[in-house]
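Quantities reported herein were computed from a predicted structural model and do not represent experimental measurements. Atoms considered below: every heavy atom in the structure, side chains included; atoms not considered: hydrogens, waters and symmetry mates. Just so you know, ligand 1 is whichever comes first in the structure, and atom 1 is the first atom listed for that ligand.
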Amino acid sequence: MAETLTVVDKLKTEFRLTDKTMAHIALDFKTAMLTALAKGSSPLKMLPSYLPLPSGKEAGLYLALDFGGTNIRVLLVELFGDGCYTVHAHRQTPLKDSHGRYDYTSPQTTAEELFAFIAGQIGKIRPSGKDILLGHTFSFPSRQTTLSDAYLITWTKELQTAGVENRNVTDLLTAALKHHRLTRIHPIAVINDTVGTLLTSAYTNPHTDIGSICGTGHNTAYLEPSSSTLINMESGNFNQLPLTSYDAALDAASEKPGAQLLEKCVAGHYLGELLRLIVIEMVESGLLPEMQQNKNVRVPYAITAKELSLLITDRATELNGGLSSRERIILKEIAILLRTRSAQLTAATFYGALCHIDPNHESRHHIAIDGSLFEKMPGYADALTATLNAFDGRLAGKVSIGLTKGGSGIGAAIAAAIAGK
Ligand code: GLC
């Protein structure tokens, strides 16, 4: 018991971030933003979206395609021009069948096959007999040349479909729609989900100038004051971070070692795996003996962020079902450490961004967030807000953080409306 506690204390010293460390991270993040804006070498890609903030008056009926991971969503959205909107129809489809019948995310699938499947899904939602503009939320690092042309730089979130990197995803989508005789659907805008979240919140709240995803993946966009353009930072690739041996092990075994280090520390896709790597080490040192037989502990990525949430509230899960209360307390402590570090690192990047946008903290700002961690993980939103406020007393009352649910899909419709003007 004493030995296990020592291990937990050691984990605390590794995963807890001091105020000083967080201040460093925030400053390094701000410096990385400035370096990238000046076209220097930086972990941040700072990709321009060619979009300003919406006026709130955008109106009309639009199709939205939300492609951000292993599920795609197609929505038929009506914007009313007064900050209100309604979703008339929506359809969610996995790109990877759970029974193994198809997998459009694997390296054995081609770009054409993937987009043909997507076009087929769009065809099931479109209103017949009318021309309609489509906004596409494509939530992967993409170099844009115009609001409607985006070239995938590199897959993230473990997607591997062949032949999409370096290609124009709007051309791929347009060709696939044509093939399906869906020529009345016009892809006109392509955006990142962080930009979509920002647009959706700004449609009703003009103080919104930061949009972020805190879910399976992590990334942040903001309104660059010098150009009034929304910029997708691809902040998940930020890498000036105090990494633990578990982060290094996770990274080494990932699809792209060295890439997306912030995302690997904070995003839902990885938090369960970090917990598993810690637990494995404890099991192998003879600690946590009851976990020895647990099959999830041996399978990479078998532990999910949802499981972490259950551990935090200590409700029985498959993982802790047969455990003693001592072991449950330990798992809960580890889960809380991982959740808190994720919220702290994210808050530090928000503070870095705010220091660039408004160095003297004079104006009001709203940070719009979507994603399962922020929405559902117990204590996550509170830890994020508390950490951000603790950076500087002047932020209180000036900076708000809130959930913008489904912003990535709605944002595509708003982007299409702006583009169609
Ligand atoms: C990954 C993608 C990024 C996206 C984020 C959240 O970090 O690279 O483009 O915004 O996931 O979905």
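The shortest contact between atom 2 (C) of ligand 1 and any protein heavy atom is with T156 OG1, 3.3 Å. Annotation: atom 12 (O) of ligand 1 to nearest protein heavy atom, D193 OD2, 2.6 Å.
Annotation: side chain of I369 is not in contact with side chain of L403 (no heavy-atom distance under 4.5 Å).
For ligand 1, none of its N or O atoms has an N or O atom of T194 under 3.5 Å away. For the pair E263 and ligand 1, the shortest N or O to N or O distance falls below 3.5 Å.
With a heavy-atom cut-off of 4.0 Å, E234 touches ligand 1 through its side chain alone. At a 4.0 Å heavy-atom cut-off, ligand 1 does not touch T216 at all.
The aromatic rings of F67 and H136 lie parallel to each other, with less than 30° between the two planes, well short of the 60° mark. Aromatic ring orientation, F140 versus W155: perpendicular (interplanar angle above 60°, classes split at 30° and 60°). By the 30° and 60° cut-offs, the orientation of the rings of Y222 relative to H356 is perpendicular.
Side chain to side chain, T244 and D247 meet the donor-acceptor criterion of an N or O pair below 3.5 Å.
Not a single heavy atom of G68 lies less than 4.0 angstrom from ligand 1.
Partner D370 forms a side-chain contact (heavy atoms from CB on, under 4.5 Å) with one of T197, T194, D193 and no other, that one being T197.
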Report all side-chain donor-acceptor pairs from residues 77-87 shorter than 3.5 Å, counting only partners two or more places apart or in another chain.
| unit_1 | atom_1 | unit_2 | atom_2 | d |
| --- | --- | --- | --- | --- |
| E78 | OE1 | H88 | NE2 | 2.7 |
| D82 | OD1 | C84 | N | 3.1 |

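Annotation for ligand 1: atoms under 4.0 Å from non-hydrogen atoms of F140 are 9 (O). For ligand 1, the atoms lying closer than 4.0 Å to a non-hydrogen atom of I213 are 6 (C).
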